[in-house]
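Here the structure is a predicted model, which means the values were calculated and not measured.
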Amino acid sequence: MSSALTDGIRVTVTSAYRPERSQPAQRRWLFTYTVRIGNEGDSPAQLVSRRWIITDATGEREEIAGEGVVGQQPRLGPGEAFEYTSYCVLETPHGSMRGSYRMIRGDGTAFEARVAPFALVVPGAVN
């Protein structure tokens, strides 16, 4: 699990290995991750885009960027939260993800809400 607080926006992530959707013989390990984005601040903020950096066990890095998350650009008032689950496929049995969400306040100011690094690990793959 990871958690980071940036300008009143807390991003918490948990991940899980999905053996039923993985194919280790084909170098395909699938992980799901659930993200909770909570507004602990005093003013609303809207998530407009995302940026992920995915690193596998060999150090191979992939960067993914795009608008919103799961087809949405949630607006979070103070005390509100948004949660979603997505997935990642690695060619190794462990790796990590980190990133950020581009947030915009009602007055037009923008900031990057940090997503702290979190592990993607097949149980028993790492000592």
Side-chain angles (χ1 to χ4, degrees):
M1 184 173 119
S2 74
S3 183
L5 180 65
T6 309
D7 290 343
I9 301 297
R10 180 172 302 280
V11 180
T12 305
V13 185
T14 57
S15 63
Y17 171 57
R18 299 296 181 201
E20 72 282 1
R21 296 183 63 196
S22 297
Q23 298 172 325
Q26 282 79 43
R27 299 181 42 86
R28 185 180 192 280
W29 287 269
L30 190 136
F31 300 87
T32 57
Y33 56 93
T34 300
V35 180
R36 184 180 188 279
I37 305 159
N39 187 346
E40 298 180 4
D42 296 328
S43 61
Q46 182 174 12
L47 186 157
V48 294
S49 64
R50 71 191 180 287
R51 179 176 171 259
W52 288 110
I53 298 171
I54 304 165
T55 306
D56 72 13
T58 68
E60 188 72 29
R61 288 176 43 153
E62 178 182 5
E63 186 170 332
I64 298 171
E67 291 186 9
V69 289
V70 294
Q72 300 183 52
Q73 293 181 315
R75 182 186 176 280
L76 304 173
E80 294 181 335
F82 179 80
E83 186 172 294
Y84 72 95
T85 299
S86 191
Y87 71 94
C88 172
V89 177
L90 295 182
E91 292 184 3
T92 60
H94 63 90
S96 65
M97 289 179 67
R98 63 185 169 90
S100 62
Y101 295 116
R102 181 84 167 162
M103 308 293 293
I104 297 184
R105 299 270 185 212
D107 65 3
T109 59
F111 65 98
E112 299 292 323
R114 182 174 169 258
V115 181
F118 59 95
L120 305 168
V121 180
V122 171
V126 178
N127 293 340

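Between Phe31 and Pro93, the closest heavy-atom pair is CZ-O, 3.7 Å. Scanning all heavy atoms of the two residues, the minimum distance from Pro78 to Asn39 falls at N-ND2, 3.7 Å. What you find for Val13 and Val35 is that their closest heavy atoms are CG2-CG2, 4.1 Å. Considering every non-hydrogen atom in both Ser15 and Phe118, the closest pair reads CB-CD1, 4.1 Å.
Each of Ile54 and Val89 belongs to its own hydrophobic cluster when Ile, Leu, Val, Met, Phe, Trp and Tyr are linked at side-chain heavy-atom distances under 4.5 angstrom. The hydrophobic cluster containing Tyr87 does not contain Val122, counting ILVMFWY residues as joined when their side-chain heavy atoms lie under 4.5 angstrom apart, directly or transitively.
Side chain of Arg10 to backbone of Glu40: no donor-acceptor contact under 3.5 angstrom is found.
Looking at Glu91 and Arg28, no side-chain N of the basic residue comes within less than 4.0 Å of a carboxylate O on the acidic one, giving no salt bridge.
For the atom pair Gln73 CD and Arg50 CZ, the distance stands at 10.0 Å (nearest 0.5 Å).
More than 12 heavy atoms of other residues, nucleotides or ligands lie within 6.0 Å of CD in Glu80, so this atom counts as buried by the packing criterion.
Remark: the Thr32 side chain and the Arg18 side chain contain an N/O donor-acceptor pair separated by less than 3.5 Å.
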Next item on the list: Determine, stepwise, if the pair Arg105 / Phe111 fulfils side chain to side chain contact (heavy atoms under 4.5 Å, CB included).
Entry: CA-CA 8 Å; Arg105 299 270 185 212; Phe111 65 98; 3.5 Å; yes

